[in-house]
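As the structure lists them, so they are numbered: ligands from 1, and atoms in each ligand from 1. Remember, it's a predicted structure, so these values are computed and weren't measured experimentally.
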Amino acid sequence: MIKFSNGNIHFRLFKNKSLGSDYIFELIHSKIDRNNLLSKSTVLGLATGESPKKIYEKLITCHDKEGLSFRNVITFNLDEYYPINPESQNSYHHYMFENLFKHIDIDPENIFIPNGMLELDAIPDHCETFEHKIEEFGGIDLQLLGVGSNGHIGFNEPGSVINSKTRLVQLDHRTRLDTAEKFGGLGNTPEYAITMGIKTILKAKKIVCMAWGTSKAQAISQLFNEGITDKWPVTFLKEHPQVELVLDEGAASLINPGFLKKKISLTNNK
Ligand code: GLP
């Protein structure tokens, strides 16, 4: 692993997704373990998509083989399509139950995922309640994040503002194209989603963001440009004091090689 920092962001560069996922698994595992020992709860912010699947697999194995308990874990998911039935194969509800929740001992009452089935006029209250719930549990201890190919975090698409909270958003065309195959074509792909806002995400005590593969390289390279821009929402992470960005070589492939070389010579290369 190669470690380097750029401003507030601490990068961890791995040869491949599998090694990067092992690293993130260990961060989550040790946080839950430590809190369990102290009889404290752990509040996790969770992501969906392809990126976290290996991490969830490892958490399930750890639960099965080593008895890691999720009884004191509370989870808030970043987002959900709208409108979508939770039972639908493509809903993030379905994803979370299949890829994690049904395999572990989490209390269903401690699972919070935006509801993609509400009437339009019920959404603002739902979003406010979601924000309040996070506060009631003392805030998110560790927020796991993926990145969209257009630089979105959660479903905060380009144009999202730094003060945004949980809300209904319109999906970017590129985001819909990225997922169209799963929905059986663009015509069947939802146009909207409910997502935690940028502000909601930045309130987490710690953020661990992962990016695997060359399709994320352009978004990641924006973190090395000056400043923060709503054109690439991932750059809002520069505002947070505790972000780890975990990359594989593909996702890091557009970082200026001169910059990397200088950083690598300054750090341990294990
Ligand atoms: C989706 C989700 C994000 C996710 C991102 C990356 O649209 N809303 O939360 O992080 O896209 O997805 P993947 O991990 O499949 O590349």
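Within a 6.0 Å radius of NZ in Lys238, other residues, nucleotides and ligands contribute more than 12 heavy atoms.
The only member of Tyr192, Tyr92, Tyr95 that meets ring-ring contact (aromatic ring centres under 6.0 Å, His included) when paired with Tyr81 is Tyr92.
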When you pair each N or O of ligand 1 with protein N or O atoms, which pairs come out under 3.5 Å?
| from | atom 1 | to | atom 2 | distance (Å) |
| --- | --- | --- | --- | --- |
| ligand 1 | 7 (O) | His152 | NE2 | 3.2 |
| ligand 1 | 8 (N) | Asp79 | OD2 | 2.7 |
| ligand 1 | 8 (N) | Gly154 | O | 3.3 |
| ligand 1 | 9 (O) | Asp79 | OD2 | 3.3 |
| ligand 1 | 11 (O) | His152 | NE2 | 3.2 |
| ligand 1 | 14 (O) | Glu50 | N | 3.2 |
| ligand 1 | 14 (O) | Ser51 | N | 2.9 |
| ligand 1 | 14 (O) | Ser51 | OG | 2.5 |
| ligand 1 | 15 (O) | Glu50 | N | 2.8 |
| ligand 1 | 16 (O) | Lys216 | NZ | 2.6 |

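In this structure, Glu244 pairs ionically with Lys206, as a charged nitrogen and a carboxylate oxygen lie closer than 4.0 Å. Ion pair Glu57/Lys53 not flagged as a salt bridge, since none of the NZ, NE, NH1 or NH2 atoms sits closer than 4.0 Å to an Asp/Glu carboxylate oxygen.
Residue Leu177 is found in a hydrophobic cluster whose other members, listed by chain and number, are Leu186; membership requires side-chain heavy atoms under 4.5 Å apart, directly or through intermediates.
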Derivation and outcome, side-chain hydrogen bond (donor to acceptor under 3.5 Å, both in side chains), residues Asn115 and Glu80: CA-CA 7 Å; Asn115 184 348; Glu80 177 60 287; over 6 Å; no
